[in-house]
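Order of the sequence lines sets the chain letters (A, B, ...), proteins ahead of strands, with each chain counted from 1. Both backbone and side-chain heavy atoms feed into the values below; hydrogens, waters and symmetry mates do not.
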Amino acid sequence: MEIPAKYDPSLTEDKWYKYWMDNGFFHSEPDNREPYTIVIPPPNVTGVLHMGHMLNNTIQDVLVRRARMQGKNACWVPGTDHASIATEAKVVAKLRDEGIDKNKLAREEFLEHAWEWKEKHGGIILEQLKKLGASCDWERTKFTMDEDMSKSVIKVFVDLYKKGLIYRGVRMVNWDPQAMTAVSDEEVNYKEVQSKLYYVRYQVEGEEEYVTIATTRPETILGDTAVCVHPEDERLKHLHGKKVIVPLVKRPVSIIQDDYVDREFGTGALKITPAHDINDYEIGDKHNLESIDIFNDDGTLNESAQLYIGEDRFKARKLIVKDLEGAGHIVKIEDYINKVGYSERTDAVIEPKLSMQWFLKMEDLTKPALENVMNDNVQFHPSKFKNTYKHWMENVKDWCVSRQLWWGHRIPAYYLPEGGYVVAETEEEAILLAKEKSGNQNITIADLRQDEDVLDTWFSSWLWPISVFDGINNPDNKDYNYYYPTNDLVTAPEILFFWVARMIIAGYEYKEEKPFRNVYLTGIVRDGLGRKMSKSLGNSPDPLELIKNYGADGVRVGMLLCSPAGGDLLFDIKENSKTGENTYPLSEQGRNFGNKIWNAFRLVKSWHVDGTIEQPESAKQAIEWFKHRLNSEIESINDLYEKFRLSDALMAVYKLFWDEFSSWYLELVKPAYQKPIDQASYEETLSFFDIMVKLLHPFMPFITEELWQLMENRKDGESLMIEKMPESEPYNDEIINAFESVKEIISGVRNIRNENNIAQKETLSLKIKGDYERKYDSIIIKMANLSDIRTIDTKIEGAVTFMVKSAEFYIELGDLVDVEEELKKLKEELEYNRGFLNSVMKKLSNERFVNNAPEKVVNVEKKKKEDAEAKIKVLEERIASLT
RNA sequence: GGGCGAUUAGCUCAGCUGGUUCAGAGCACCUGCCUUACAAGCAGGGGGUCACUAGUUCGAAUCUAGUAUCGCCCACCA
């Protein structure tokens with residue numbers, strides 16, 4: 001069979017993915033094996049795959065595939081998140097394109113559109129993950145608004161309410177007056193803008209004295225309910241206890257004292273508008289101030305403002321400045337640069353607005369979650385994130401869980417006609433509770449008004465590791481008790497608090513157990529300029545296009561090679577100067593590696609076995625060496641996996657295959673062109689190949705499966721992905737080290753060929769002077785293309801040399817040798833060694849070193865001294881012989 | 001403004017509790033090769049005062065303090 005010289009991923013990837021699926025290899029059911037579980041960080045249901053997902057899910061797949069091959073019952077639960085804000089925004093935008101205004105729709109109508117959108121776009125991202133090779137248990141695919149998932153969310157809300165941990169309270173939200181909705185902190189962009197700082201004087205009640213305040217928002221004066229000064233500000237102490245008159249509306253308000261005030265800023269007096277500034281609100285709350293909301297939802301002034309009613313807030317600002325000036329209240333106006341929040345979606349200036357929200361008390365809930373991270377019951381990789389986590393957990397604020405949106409889990413609170421509310425899992429229960437609460441036995445569901453808000457998306461995500469196994473509704477079920485706690489969570493550090501911390505909290509609250517043992521935090525995928533890859537910048541390659549061009553294996557390897565835990569992935573893009581097309585050096589490296597493996601296989605496959613020929617000594621020794629080398633590498637790879645150093649683990653396999661296996665081992669056992677190979681060498685090589693392919697499989701699932709299937713006639717239902725991962729066997733470092741010297745000698749000869757323009761084909765003779773055990777002569781002869789190796793003890797003329805350890809190696813070149821050049825080289829080396837010896841001697845003659853350093857260290861220095869002296873002697877002799 | 005972390009080759013990073021795996025790897029770069037597995041390759045090579053300054057020590061890339069630059073998270077001063 002003819003195998004092409006270039007590996008074509010498009011011929012294999014879909015084929016094997018289908019094969020794995022058809023055979024149910026991804027699916028897991030509880031059994032008596034040790035479970036290994038990962039729950040996917042659920043991507044936005046209407047999202048499309050980006051480079052961050054690619055990296056994140058590749059890491060998960062590597063972990064899952066390895067665990068599966070280690071004989072564990074591996075289960076990777078996939079799913080999507082309803083992502084209320086993002087999805088609702090997309091649906092609103094889509095409706096707007098169709099000329100439909102969300103605000104004119106009934107809730108139910110809007111939700112119909114939203115579900116339609118979800119059905120159409122939902123799950124695209126999961127299909128894309130299959131292209132990457134993700135070995136998720138697709139039969140377990142979950143969506144955060146599935147019926148049982150939603151039920152869990154509501155149940156938990158009610159439960160926490162009953163525990164007294166959920167309460168209602170007023171809070172400042174970011175109000176977008178254009179979209180007429182609250183937006184989250186993440187959706188507010190702060191920009192520095194050139195604005196004005198207005199100094200306005202307020203008259204002290206009953207006196208001819210004035211207090212001047214500074215503000216950037218003079219229109220909010222209409223909502224002022226106090227003026228605040230620092231209690232220890234001497235300049236203003238005489239005002240304590242007095243009142244001032246708010247200009248224009250002529251409302252008398254108190255002068256209060258609070259050390260929140262910065263004495264250095266402005267005049268040291270601060271106007272307080274509790275309804276329109278978060279800090280003012282907090283001060284107002286502390287001092288029991290009245291709160292006057294002067295704005296309508298669309299940003300125009302309402303009747304409470306008394307003036308400029310119906311005018312837009314910015315128009316009102318101009319008007320009031322004019323009127324204040326007219327009334328002599330403006331002291332001065334300064335240019336001022338401040339930060340203003342803009343809505344990410346509409347670019348409208350955000351208005352802080354007070355509203356009634358639902359909160360979860362966090363203080364007690366965080367305790368076990370903090371403790372179990374600090375004591376490493378839950379381990380972070382890299383561990384530096386423990387600090388950040390601790391800082392957050394110790395300063396945690398109550399969690400505002402309500403959102404003024406429709407897409408999501410509606411808050412199960414029902415308001416009674418006569419006031420008050422009940423919280424219940426179902427409408428039936430709500431009616432019962434309402435009857436009980438009101439004493440009115442005729443209440444029906446029509447009389448109850450359910451809260452309009454939905455829950456924060458994280459309020460469902462934080463249950464994810466529990467709810468995907470239905471652990472809230474059905475805590476005794478088999479899946480939950482088998483798969484939970486999960487093993488590893490792979491996610492981005494940005495959501496350490498939003499998500500990871502809260503999952504840990506929920507885990508201890510609902511199962512009294514951690515949700516996962518390890519948290520692997522990935523970095524951010526950036527472009528060559530270090531910018532985060534994002535849709536808006538347009539600097540991200542299309543992942544599917546990448547997979548098409550380089551193969552999933554190639555893309556996976558490229559990403560993984562340089563993204564240690566917690567480190568960013570710089571995904572460089574280069575433009576091909578000829579075609580103008582973008583190329584991706586990392587993916588190229590991955591693809592090239594695939595091709596290397598492919599061609600190594602082609603070589604092995606091309607061999608003809610002849611059972612009658614004897615095994616060459618060089619092959620025998622190569623096999624022995626590689627066995628030890630392989631086992632030592634497996635050991636360190638396992639160690640790297642343990643430490644979650646996946647990039648290093650991959651690099652180790654990469655080098656093992658490319659440098660050790662291909663460049664040394666295969667070259668050594670490879671028979672001469674069209675000559676057969678002996679039975680033993682062939683079989684050993686195949687078994688090495690088998691082990692290599694297994695080590696590679698978690699990183700490169702497709703090509704390894706393809707090759708494993710081509711190695712022998714496999715039965716239907718056999719697959720590399722369910723084979724046993726090789727384990728490390730004892731090995732001998734001495735053999736490995738001895739072989740390193742062999743490599744050095746061969747390199748030495750090759751180097752001489754290079755420097756003297758001697759073709760590889762030309763056979764040379766090598767002479768050795770000094771202490772060297774000639775165990776591997778046949779290997780050296782083969783690899784360096786030598787006619788023979790001889791030991792000598794006399795000077796040699798017309799030769800070039802190199803040293804390995806303290807032995808000197810000669811290649812006779814006769815007239816070809818440039819004596820001057822050779823002398824120069826030798827003298828340089830001599831110089832270096834003398835300097836080195838000098839530094840060693842300095843150390844050894846330092847009494848304090850000899851007395852204080854451990855004996856081991858001193859002995860090492862003594863050995864250095866001896867070696868250097870021996871080398872110097874050899875070099876001196878050699879130089880003498882040439883001059 | 002508060003907190004955390006980083007700074008080692010052109011790029012991405014290893015270097016664990018100070019001492020031969022201490023200056024490393026991969027990529028990129030340079031030189032020579034289309035040598036019948038692979039030019040997506042082979043062989044060889046050049047690159048670093050380990051950000052700076054002081055200190056601790058017999059000995060510092062490694063520990064301490066300060067300086068500079070950068071990054072991230074949190075809070076956002078009227």
Visitor: Could you work out which one of B:rC76, B:rC42, B:rC58 sits closest to the side chain of A:Lys339?
Guide: B:rC76
Visitor: If you compare every side-chain N and O of A:Asn754 against the phosphate oxygens of B:rG45 (OP1, OP2), does one of them come in below 4.0 Å?
Guide: no
Visitor: Should the pair A:Tyr654 and A:Phe593 be assigned to parallel (<30°), tilted (30 to 60°) or perpendicular (>60°) ring geometry?
Guide: tilted
Visitor: Under 4.0 angstrom, heavy atoms only, what part of the nucleic acid is A:Lys596 near: base, sugar-phosphate, or nothing?
Guide: base
Visitor: Looking at every strand, decide which applies to A:Tyr336 at a 4.0 Å heavy-atom threshold: base, sugar-phosphate, or nothing.
Guide: sugar-phosphate
Visitor: Look for any protein N or O under 3.5 Å of an N or O in nucleotides 46-51 of chain B and output each such pair with its distance, or none.
Guide:
none

Visitor: Taking any heavy-atom pair under 4.0 Å as a contact, classify A:Lys670: base, sugar-phosphate, or nothing.
Guide: base
Visitor: Measure centre to centre between the rings of A:Phe385 and A:Tyr389, then say whether the value is under 6.0 Å.
Guide: no
Visitor: Measure NZ/A:Lys390 against P/B:rC4 and give the value in whole Å, please.
Guide: 10 Å
Visitor: Contact class for A:Asn387 (heavy atom, under 4.0 Å): base, sugar-phosphate, or nothing?
Guide: sugar-phosphate
Visitor: A:Arg602 has a side chain; which of B:rA37, B:rA75, B:rG44 sits nearest to it?
Guide: B:rA37
Visitor: Taking only N/O atoms, report every protein-nucleotides 23-27 of chain B pair under 3.5 Å with atom names and distance.
Guide:
| from | atom 1 | to | atom 2 | distance (Å) |
| --- | --- | --- | --- | --- |
| B:rA25 | O2' | A:Lys655 | NZ | 2.9 |
| B:rG26 | O2' | A:Gln589 | NE2 | 2.7 |

Visitor: How is A:Arg750 classified with respect to the nucleic acid when contacts are heavy atoms under 4.0 Å: base, sugar-phosphate, or nothing?
Guide: sugar-phosphate
Visitor: With pairs defined as Watson-Crick or G-U wobble and both distances under 3.5 angstrom, please note down RNA chain B as a dot-bracket string, | for pairing with another strand.
Guide: (((((((..((((.....[....)))).(((((.......))))).....(((((..]....))))))))))))....
Visitor: Could you walk me through whether A:Lys605 and A:Arg602 pass the side-chain contact (heavy atoms from CB on, under 4.5 Å) check?
Guide: CA-CA 5 Å; A:Lys605 196 74 186 167; A:Arg602 279 179 72 216; 5.6 Å; no
Visitor: Would you mind classifying the nucleic acid contact of A:Asn751 as base, sugar-phosphate or nothing, using non-hydrogen atoms under 4.0 angstrom?
Guide: sugar-phosphate
Visitor: Which is true for A:Phe497 with a 4.0 Å heavy-atom rule: it touches a base, it touches only sugar-phosphate, or it touches nothing?
Guide: sugar-phosphate
Visitor: Mind checking if A:Glu394 touches a base, just sugar-phosphate, or nothing, with heavy atoms under 4.0 Å?
Guide: nothing
Visitor: Ignoring hydrogens and geometry beyond distance, is the side chain of A:Glu755 in donor-acceptor contact with the base of B:rA43 at under 3.5 Å?
Guide: no
Visitor: Between A:Ser663 (side chain only) and A:Trp658 (backbone N and O only), is there a donor and an acceptor less than 3.5 Å apart?
Guide: yes
Visitor: Distance alone, cut at 3.5 Å: any donor-acceptor contact between the side chains of A:Tyr7 and A:Thr12?
Guide: yes
Visitor: Say whether A:Tyr336 and A:Gln194, considering side chains only, have a donor N or O and an acceptor N or O under 3.5 Å apart.
Guide: no
Visitor: Under 4.0 Å, counting only non-hydrogen atoms across every strand here, what does A:Arg645 touch: a base, just sugar-phosphate, or nothing?
Guide: sugar-phosphate
Visitor: In this structure, how many angstroms lie between the P atom of B:rG41 and the CZ atom of A:Phe657, rounded?
Guide: 13 Å
Visitor: For B:rC13 and A:Ser647 - does any side-chain N or O of the residue sit under 4.0 Å from the phosphate oxygens OP1/OP2?
Guide: no
Visitor: Parallel, tilted or perpendicular for A:Phe809 and A:Phe802, by the 30°/60° rule?
Guide: parallel
Visitor: In whole angstrom, what separates A:Leu496's CG from B:rC74's P?
Guide: 10 Å
Visitor: Scan A:Lys864 against the nucleic acid and name what it touches under 4.0 Å (heavy atoms): base, sugar-phosphate only, or nothing.
Guide: base
Visitor: Any side-chain N or O of A:Asn592 under 4.0 Å from OP1/OP2 of B:rG41?
Guide: yes
